[in-house]
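Below is one structure; the comments refer to it alone.
Keep in mind that what you see is a predicted model, and the values were worked out from it rather than measured. Note that the numbering runs from 1 along the sequence shown for the chain.
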Amino acid sequence: VQLQASGGGLVQAGGSLRLSCVYSGPLFSVYAIGWSRQAPGKQREFVGGITSRGDTNYADSVKGRFSISRDNTKNTVYLQMNSLEPEDTAVYYCAAAASTWISDQVRYDYWGQGTQVTVSS
């Protein structure tokens, strides 16, 4: 299994970006996919995720601004980020968990490489 995150870039505060996470391998539809981020000098933190059924869960810091969706026909999960703030600057990672739920406590089975998001003030 491989996960490929893309879509990062430089955006001004208040702007939007959409990240994509493409899953290569079998049984995509049964995996929960999570997004995490790591800012310089900080620990990696949970951003949000989506279960195989389409249930979503988000960190409080991004609720109302970020949304996650999945397209099982394309083996892809999207992270739509709106109203971006400089504090959202980080490397964003996607990961897959053989789990029926998703939260900051889930144990991931596979990780993708990160994509850099930089929000300027």
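Residue Leu27 is grouped with residue Leu3 when hydrophobic side chains (ILVMFWY) are merged at heavy-atom distances under 4.5 angstrom, including chains of intermediate members. Residues Phe46 and Val91 share a single hydrophobic cluster, defined by chaining ILVMFWY side chains whose heavy atoms lie under 4.5 Å apart. The cluster map of Ile, Leu, Val, Met, Phe, Trp and Tyr, joined by side-chain heavy atoms under 4.5 Å apart, puts Tyr93 and Val1 in different clusters.
In this structure the side chain of Tyr58 reaches within 4.5 angstrom of the side chain of Ile68, judged on heavy atoms.
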(Q) Could you go through Tyr31 and Val77, starting from their C-alpha distance and side-chain angles, then the distance that decides it, and tell me whether this counts as side-chain contact (heavy atoms from CB on, under 4.5 Å)? (A) CA-CA 11 Å; Tyr31 278 90; Val77 170; over 6 Å; no
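Residues satisfying the side chain to side chain donor-acceptor pair (under 3.5 Å) criterion with Ser29, sequence neighbours excluded, are absent altogether. Thr100 meets the side-chain contact (heavy atoms from CB on, under 4.5 Å) test with no other residue; sequence neighbours excluded. Legend: residues meeting side chain to side chain donor-acceptor pair (under 3.5 Å) with Glu85, ordered by chain and number and at least two apart, are absent.
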Do any side-chain atoms of residues 4-23 form donor-acceptor pairs under 3.5 angstrom with protein atoms, and if so which ones, sequence neighbours left out?
unit_1	atom_1	unit_2	atom_2	d
Ser16	OG	Asn82	OD1	2.9
Tyr23	OH	Pro26	O	2.6

Show the atom names and distances, to 0.1 Å, of all donor-acceptor pairs under 3.5 Å that link a side chain in residues 102-112 to residues at least two apart or in another chain.
unit_1	atom_1	unit_2	atom_2	d
Ser103	OG	Gln105	N	3.0
Asp109	OD2	Ala98	N	2.7

Can you give me every donor-acceptor pair (side chain of residues 32-39, partner residue at least two apart or in another chain, under 3.5 Å) with its distance?
unit_1	atom_1	unit_2	atom_2	d
Arg37	NE	Glu45	OE2	2.6
Arg37	NH1	Asp88	OD1	2.9
Arg37	NH1	Tyr92	OH	2.9
Arg37	NH2	Glu45	OE2	3.1
Gln38	NE2	Lys42	O	3.1

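Nearest heavy atoms, Val117 versus Met81: CG2-CE, 3.8 Å.
Among residue pairs with one or both ends in residues 39-71, none qualify as disulfide (SG to SG under 2.5 Å); sequence neighbours excluded. Sequence neighbours left out, not one pair with a member in residues 26-78 passes disulfide (SG to SG under 2.5 Å). For residues 67-78, the pairs satisfying side chain to side chain donor-acceptor pair (under 3.5 Å) are Arg70-Asn72, Asp71-Thr73, with sequence neighbours left out. Applying the disulfide (SG to SG under 2.5 Å) rule to pairs touching residues 36-93 yields nothing, sequence neighbours excluded.
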